[in-house]
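Comments concern the structure below.
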Amino acid sequence: MRWSRYFLYTLKEDPAEAQAPSHKLLLKAGFIKQVSAGIYEVLPAGWRVLRKIENIVRKEMDRSGAQELLLTVLNPAELWKETGRWDTYGSELFRLKDRNGREYCLGPTHEEEITDLVRKVINSYRQLPVTLYQIQVKFRDEKRPRFGLIRGREFIMKDAYSFDADEFSATMSYENMKFAYDRIFKKLRLKVIMAEASVGQIGGTQSHEFIAFTPYGEAKVGYCENCGYAANAEIIPLQKPKEEEEEEKPMEKVHTPKVKTIEELSEFLKVPPSKIMKAVLYMVKDSQPVLVLIRGDREIDENKLEAVLGTEDFRLATDEEVQNLLGTSKGFIGIFNLPENIKVLWDNSLYGVKNLVVALNQPDWHYINVNPERDFQYGEFVDIAQVEEGDPCPKCGSPLKVQTGLELGHIFLLGTRYSEPMKAYFTDPSGEEKPIIMGCYGIGISRIMAAIVEQYHDEKGIKWPTPVAPFELAILCLNMSDPELTQTAEKLYIEAEEKGIEVIYDDREESAGFKFADADLVGFPYRIVVGKKVKEGKVELQKRATGERWDIPIEEVIDKVKEMIAEDKK
RNA sequence: CGGGGUGUAGCUCAGGUGGUAGAGCGUCGGCUUUGGGAGCCGAAGGUCGCGGGUUCAAGUCCCGCCACCCCGACCA
């Protein structure tokens with residue numbers, strides 16, 4: 001490809017709307033263009049990358065025995081009504097009507113459709129197991145699209161679905177997919193951790209997430225370097241700590257005017273936050289008040305709280321509700337003089353803390369040196385604290401590491417969550433009708449492009465790993481008005497093409513510095529610089545990943561690059 | 001959905017107290033230059049997000065709407 005003819009235009013300045021490095025660089029280097037919030041066009045160079053990612057995924061899926069097909073974007077509402085998700089999926093579903101008023105949605109995921117397809121085709125255990133997959137555009141009307149390709153409303157995803165006759169076979173399919181995922185992320189050169197995850201809205205019995213560490217992710221992962229345990233932080237259990245051994249001091253009432261936050265209180269009373277009881281009032285289903293108590297240095301994990309409450313329909317109480325129910329204001333909620341109808345949950349972190357600071361349920365007053373048994377009785381203990389760095393590993397007790405990351409893949413052992421309501425049954429060898437056991441396996445293809453940039457970039461631009469680079473080699477002719485240079489560059493370009501290298505030849509009438517900067521930004525893994533050294537029969541070969549440079553005789557350089565590329569792709 | 005912010009040239013931005021719209025970069029033409037986003041000369045390019053209002057006069061003041069970005073909750 002000649003760059004002078006190629007639809008690849010870079011930006012000189014950082015795009016104002018982008019924050020995340022991947023978002024910024026993909027826009028700046030001309031890979032994507034924004035059309036609307038969370039909706040992007042993928043330009044030729046970007047599409048080359050995306051197709052390479054797709055093909056790596058496709059190859060490994062095929063290798064695992066899965067079969068590719070293509071489902072639809074436009075899904076009829078009836079299928080979604082069968083599983084109840086037409087109502088429960090909520091406003092994230094893009095809904096529309098056809099000219100006859102029939103309802104459809106733009107598929108955000110395809111469990112319903114695939115189950116419908118399979119039930120129409122499969123009747124017998126002889127047809128099982130089977131795993132089907134597709135690579136397809138999906139639509140989700142996200143509450144908050146952000147960070148470019150990281151969370152879009154329209155995006156490309158690979159989704160696979162397994163169908164098995166029994167639990168054991170289903171588990172085999174699931175494990176098989178785990179291995180395929182492992183191979184995929186290795187080939188993509190992504191550093192990814194597999195973490196146990198909650199099954200969430202999709203439902204099912206087992207689930208794992210594949211998470212790439214980057215600060216721009218939505219997932220928080222806790223992992224143990226000692227035993228290898230890793231899980232989404234929201235499902236990592238935290239036990240009661242050991243009882244503190246501390247002399248109990250006499251309880252005292254202290255005037256704390258306008259001291260509302262834990263921080264202020266800690267400062268005011270010269271007491272560490274871990275000695276303060278934090279009390280937060282929630283309203284469940286808009287009506288049932290639940291008081292959540294947790295140690296002052298801890299945060300509530302609302303995902304854990306949801307699990308404890310058994311509903312997602314809860315929210316923080318408003319100032320008025322706190323006033324009406326407790327006769328106090330936020331910041332002065334405590335455990336004394338509570339009305340009868342309030343449910344109280346104690347987080348494990350509060351167990352055994354001595355000489356606590358507790359609010360009175362009366363503005364501007366706190367008690368200090370409050371002690372269990374002597375001054376109050378514990379209530380129901382639950383686990384609702386956010387996991388933090390250094391918390392004990394639930395498997396081996398070693399301190400956990402906690403990092404944020406981007407969820408690139410998510411696999412679920414679904415069981416009969418979809419096959420049962422949709423009546424996807426088969427007949428087993430004894431003639432009995434049974435629901436098919438399903439699994440589903442997603443990989444965010446467009447998101448992977450962003451994740452790779454997150455993990456492979458520097459201040460100058462992107463550093464594509466060779467297997468996913470838009471071009472493997474760029475040839476830069478530094479002076480287009482010097483025939484000796486253009487002829488050499490031309491010759492090398494043709495040789496590279498003939499030898500099967502994906503090459504872009506920068507034949508634009510631009511200055512040397514301009515071409516260097518562009519090549520760095522776009523991120524080609526290898527670069528041949530055709531410049532002054534041509535007089536000595538040499539050109540310079542540069543490797544983007546490491547910055548290494550070599551002067552190589554013109555006749556040898558293409559073979560040399562070819563070798564290096566082959567090595568990278570192994 | 002709650003909170004904050006921004007919308008002026010292709011891009012990044014400037015335009016006190018209202019008075020005919022600017023810069024840098026990019027683009028086009030010309031000359032010069034060619035190993036890290038070159039220099040000089042010239043030119044083109046704008047319903048100032050949209051609608052309404054106040055005013056002799058609105059990019060600027062008022063009201064409404066829209067779009068986009070950021071934080072939070074939620075999600076791949």
Side-chain angles (χ1 to χ4, degrees), chain A residues 9-20 23-24 27-28 30 33-39 89-93 108-109 138-159 197-198 200-202 207 209-212 216-219 232 234 282 299-303 305-306 312 314-316 318 405-412 440-448 450-451 460-461 476-482 484-486 508-521 527 529-534 539-540 542 547 549 551:
Chain A
Y9 299 96
T10 58
L11 270 32
K12 198 162 192 174
E13 305 199 49
D14 281 357
E17 74 265 25
Q19 293 287 315
H23 189 194
K24 208 179 277 185
L27 284 168
K28 196 176 176 186
K33 273 270 188 278
Q34 181 168 22
V35 172
S36 165
I39 301 179
Y89 211 92
S91 45
E92 235 138 84
L93 203 56
T109 176
K138 306 226 174 189
F139 297 84
R140 290 182 196 172
D141 196 357
E142 289 290 341
K143 284 173 191 159
R144 180 142 102 92
R146 55 171 165 171
F147 303 143
L149 261 32
I150 287 179
R151 184 185 289 115
R153 295 192 295 169
E154 172 178 329
F155 53 95
I156 298 175
M157 200 165 153
K158 185 281 305 181
D159 51 321
S198 103
Q201 302 239 359
I202 292 194
S207 167
E209 290 169 334
F210 293 78
I211 291 165
Y216 288 91
E218 75 284 271
N232 192 310
E234 70 197 39
Y282 281 90
E299 297 297 325
I300 294 168
D301 187 325
E302 294 196 346
N303 291 299
L305 183 58
E306 180 182 330
E312 55 175 338
F314 63 89
R315 56 168 173 84
L316 286 172
T318 63
L406 237 192
E407 191 178 331
L408 298 181
H410 202 160
I411 61 177
F412 300 84
C440 77
Y441 317 88
I443 286 186
I445 300 284
S446 12
R447 179 177 263 202
I448 281 176
K460 290 178 182 167
L476 276 52
C477 180
L478 294 193
N479 185 354
M480 292 306 291
S481 50
D482 181 338
E484 195 183 1
L485 296 196
T486 52
R508 298 173 300 174
E509 301 278 353
E510 295 289 353
S511 70
F514 186 96
K515 292 188 179 185
F516 282 126
D518 251 6
D520 285 336
L521 175 61
R527 172 195 314 176
V529 180
V530 180
K532 282 174 180 163
K533 289 163 194 153
V534 166
V539 289
E540 186 178 275
Q542 297 184 10
R549 304 172 178 201
D551 287 336

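- The P atoms of B:rG7 and B:rU60 are separated by 12 Å, rounded to the nearest whole Å.
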Under 3.5 Å, which protein N or O atoms sit close to an N or O of nucleotides 47-50 of chain B? Give each pair with its distance.
none

Give me, pair by pair, the N or O atoms of the protein and of nucleotides 40-43 of chain B that are less than 3.5 Å apart, along with how far apart they are.
none

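- Rounding to whole angstrom units, CD of residue A:E218 and C1' of B:rC74 are separated by 10 Å.
- With sequence neighbours left out, A:H410 forms a side chain to side chain donor-acceptor pair (under 3.5 Å) with A:S207, A:E407.
- Partners of A:D141 by side chain to side chain contact (heavy atoms under 4.5 Å, CB included), not counting sequence neighbours, listed by chain and number: A:F94, A:R153.
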Intra- and inter-strand pairs of RNA chain B in dot-bracket (Watson-Crick or G-U wobble, both distances under 3.5 Å; | for another strand): (((((((..((((.....[..)))).((((((.....)))))).....(((((..]....))))))))))))....
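- The shortest side-chain heavy-atom distance between A:V529 and A:Q542 falls under the 4.5 Å cut-off.
- The same atom, C1', is picked in B:rG3 and in B:rC48; the two are 28 Å apart, to the nearest Å.
- Rounded to whole Å, the separation between the P atoms of B:rG45 and B:rG22 comes to 13 Å.
- Rounded to whole Å, the P atom of B:rA9 lies 25 Å from the corresponding atom of B:rC65.
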Contact letters for nucleotides 26-36 of chain B, in which S counts primed atoms plus P, OP1 and OP2 and B counts the base, heavy atoms under 4.0 Å: S-------BBB
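- For A:A517, there are no side chain to side chain contact (heavy atoms under 4.5 Å, CB included) partners, not counting sequence neighbours.
- Between A:I300 atom CD1 and B:rC74 atom P there is a gap of 12 Å when expressed in whole angstrom units.
- With sequence neighbours left out, the side chain to side chain contact (heavy atoms under 4.5 Å, CB included) criterion links A:N479 to A:S481, A:D482, A:L485.
- Using a 4.5 Å heavy-atom threshold, the side chains of A:Y441 and A:D159 count as separate.
- To the nearest whole angstrom, the two P atoms, one in B:rU12 and one in B:rG72, are 24 Å apart.
- Heavy atoms of A:R140 sit under 4.0 angstrom from at least one base atom.
- Rounded to whole Å, the separation between the C1' atoms of B:rG64 and B:rC69 comes to 22 Å.
- What separates CD of A:E302 from C1' of B:rC1 is a distance of 14 Å, to the nearest Å.
- The side-chain heavy atoms of A:I443 and A:L408, taken from C-beta on, include no pair separated by under 4.5 Å.
- Proximity of A:P108 to A:L93: side-chain heavy atoms (C-beta onward) are separated by under 4.5 Å at one or more points.
- Looking only at side-chain heavy atoms (C-beta outward), A:E540 and A:D551 come within less than 4.5 Å of each other.
- As judged by a 4.0 angstrom heavy-atom cut-off over every strand, A:D482 is placed among residues making no nucleic acid contact.
- In this structure, A:E92 places its CD atom 13 Å from P of B:rC1, rounding to the nearest Å.
- Judged purely by atom type and a 3.5 angstrom limit, A:Q34 uses its side chain to pair as donor or acceptor with the backbone of A:S36.
- Separating the CG atom of A:L305 from the P atom of B:rA73 is a distance of 13 Å, rounded to the nearest angstrom.
- Rounded to a whole Å, the CG atom of A:D141 is 13 Å from the C1' atom of B:rC74.
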Output side-chain donor-acceptor pairs under 3.5 Å for residues 9-18 of chain A, partner residues at least two apart or in another chain, one line each.
residue	atom	partner	partner atom	Å
A:T10	OG1	A:D518	OD1	2.7
A:T10	OG1	A:D518	OD2	3.4
A:D14	OD1	A:K28	NZ	2.9

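- A search for side chain to side chain donor-acceptor pair (under 3.5 Å) contacts involving A:E218 returns A:R447, not counting sequence neighbours.
- At a cut-off of 3.5 angstrom, the base of B:rG24 holds at least one donor-acceptor pair with the side chain of A:E13.
- Taking the nucleotide of RNA chain B with the nearest heavy atom to each of A:G409 and A:K28, the more 5' of the two is matched to A:K28.
- Between A:E142 atom CD and B:rC75 atom C1' there is a gap of 5 Å when expressed in whole angstrom units.
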Polar atom pairs (N or O), protein with nucleotides 65-72 of chain B, under 3.5 Å:
residue	atom	partner	partner atom	Å
B:rC68	OP1	A:S36	OG	3.1
B:rC68	OP1	A:A37	N	2.8
B:rC68	O3'	A:Q34	NE2	3.4
B:rC69	OP1	A:Q34	NE2	3.0
B:rC69	O3'	A:E17	O	3.3
B:rC71	OP2	A:R144	NH1	3.4
B:rC71	OP2	A:R144	NH2	2.9
B:rC71	OP2	A:R146	NH1	3.2
B:rC71	N4	A:R144	NE	3.3

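- For the pair A:E154/A:V35, no side-chain contact is recorded, criterion being any heavy-atom separation below 4.5 Å from C-beta on.
- Side chain of A:K515 to main chain of A:C477: a donor-acceptor pair is present (N/O by atom type, distance under 3.5 Å, no hydrogens or angles).
- For A:R140 (side chain) and A:E92 (main-chain N/O), no donor-acceptor pair under 3.5 Å exists by modelled atom type.
- Judged as a salt bridge (Lys or Arg N to Asp or Glu O under 4.0 Å), and not counting sequence neighbours, the contacts of A:R315 are A:D286, A:E321.
- Taking atom P in both B:rG49 and B:rG36, the straight-line distance is 41 Å, to the nearest Å.
- Separation of the P atoms belonging to B:rU47 and B:rG51 is 12 Å when rounded to the nearest angstrom.
- Residue-level contact check: A:L408 touches neither bases nor backbone, having no heavy atom under 4.0 Å from any strand.
- Between A:F516 and A:K460, the closest side-chain pair of non-hydrogen atoms is not below 4.5 Å.
- Side chains of A:F314 and A:E302 form a contact here, defined as non-hydrogen atoms less than 4.5 Å apart.
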